[in-house]
Amino acid sequence: QEWRRTSGEDVRAEKPLVIGFSQLGSESAWRMANTASVREAAKESGISLLLENAEQSQPKQFEAVREFIRRKVDVIAIAPVVESGWSGILQEAKLAGIPVVILDRSVNVEDTSLFVTTIGSDFYEEGVKAGKYLLDRMQNQAGPIRIAELQGTAGSSPSIQRGEGFRSVVKARTDMVITQSAPADFTENKGKEVMQELLQVPVEERPQVLFAHNDDMAIGAIEAIKEAGLRPGKDIVILSVDGSRSALQLLNDGELNAVVECNPLLGPLLMQAAKEIMAGRSLPKRMIPPEDIFTQERAEHAIQNRKF
Ligand code: GYE
């Protein structure tokens with residue numbers, strides 16, 4: 001009996017760490033790769049993962065977090081669909097004594113002690129990269145240059161910050177104007193649908209540039225552009241963000257002009273962070289994976305190394 005109890009305790013001591021992860025949805029190739037990365041990394045590091053897909057609903061994310069609190073997970077990870085409205089639920093996690101890691105997108109809360117760290121890309125910088133590419137590309141082209149923008153999910157940090165970063169650069173030329181801007185939810189279908197609408201303008205108002213906040217929307221838009229009898233990548237210069245294989249293929253085919261990299265493979269960083277937290281070590285408040293931009297010259301080579 002003595003022996004049994006001791007052995008039981010040993011087993012408990014080795015109990016795997018449990019992470020509850022509230023994933024925001026499955027809207028894009030990036031998101032699928034992100035989910036897969038978290039699943040694989042958990043498996044590899046022997047961490048047990050509870051994953052809930054919120055299908056773009058913040059209330060569903062709140063439910064998931066409450067469920068994780070009820071189940072007394074060790075760490076809660078959240079990929080937040082929008083950036084506002086998180087204080088209350090983060091407070092609940094704090095009261096329960098469960099540390100929270102924000103993954104991918106960021107939250108906008110006054111009290112930053114409500115989460116341990118944010119692991120994710122610098123979206124503002126991604127917008128800046130797209131803008132800089134465009135300025136270079138258009139340096140010998142006289143204005144006016146009309147830009148259409150397909151935004152991601154309204155209120156999401158990547159959409160807000162990519163838009164701001166892009167504008168901060170493009171404003172250097174007063175004859176370069178964002179004449180059209182509309183959200184298309186980061187999905188291919190919406191990208192196509194909204195682009196069709198944006199092309200319903202007189203020829204002299206048509207955009208010469210499209211900045212899509214992700215690849216999926218750019219891919220949908222490319223279809224709409226072709227159906228309108230225009231040549232994507234030529235009649236309309238197209239920029240997007242992420243760097244999925246399909247986008248890099250279109251880049252290589254000349255239908256996309258530049259793709260800013262955004263790295264979805266955050267699983268290993270999340271598992272590492274969870275272990276550090278449980279070991280009582282402190283973490284930097286922000287962890288950003290290094291990222292680049294893909295151009296047509298580099299597309300062929302890049303495709304081979306791209307994981308999603
Ligand atoms: O760019 C987009 C996805 O939050 C960085 O969300 C992520 C974005 C990504 O749907 O494709």
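In each ligand, atom 1 is the first atom listed, and ligand 1 is the first ligand listed.
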Exercise. Please report the closest heavy-atom contact between Gly243 and Leu248, naming both atoms and the distance.
Key: O-CD1, 4.0 Å
Exercise. Assess Lys285 against Phe115: is NZ or CZ under 6.0 Å from the centre of the six-membered ring, and within 45 degrees of the ring's axis?
Key: yes
Exercise. For the pair Trp86 and Phe62, name the ring-plane relationship: parallel under 30°, tilted 30 to 60°, perpendicular over 60°.
Key: perpendicular
Quiz prompt | Modelled atom types, side-chain donor and acceptor of Gln200 and Gln196, under 3.5 Å | solution = no
Exercise. With sequence neighbours excluded, tell me which residues meet salt bridge (charged side-chain N to carboxylate O under 4.0 Å, His left out) with Arg105.
Key: Glu27
Practice problem: Kindly tell me which protein residues have any non-hydrogen atom under 4.0 angstrom away from an atom of ligand 1, grouped by chain and ordered by number? | Solution: Glu27, Ser28, Trp30, Arg31, Asp104, Arg105, Phe123, Pro158, Arg162, Phe186, Asn214, Asp242, Cys262
Exercise. Please step through side-chain hydrogen bond (donor to acceptor under 3.5 Å, both in side chains) for the pair Asp253 and Gln249, ending with a clear verdict.
Key: CA-CA 6 Å; Asp253 298 343; Gln249 189 56 55; 3.2 Å; yes
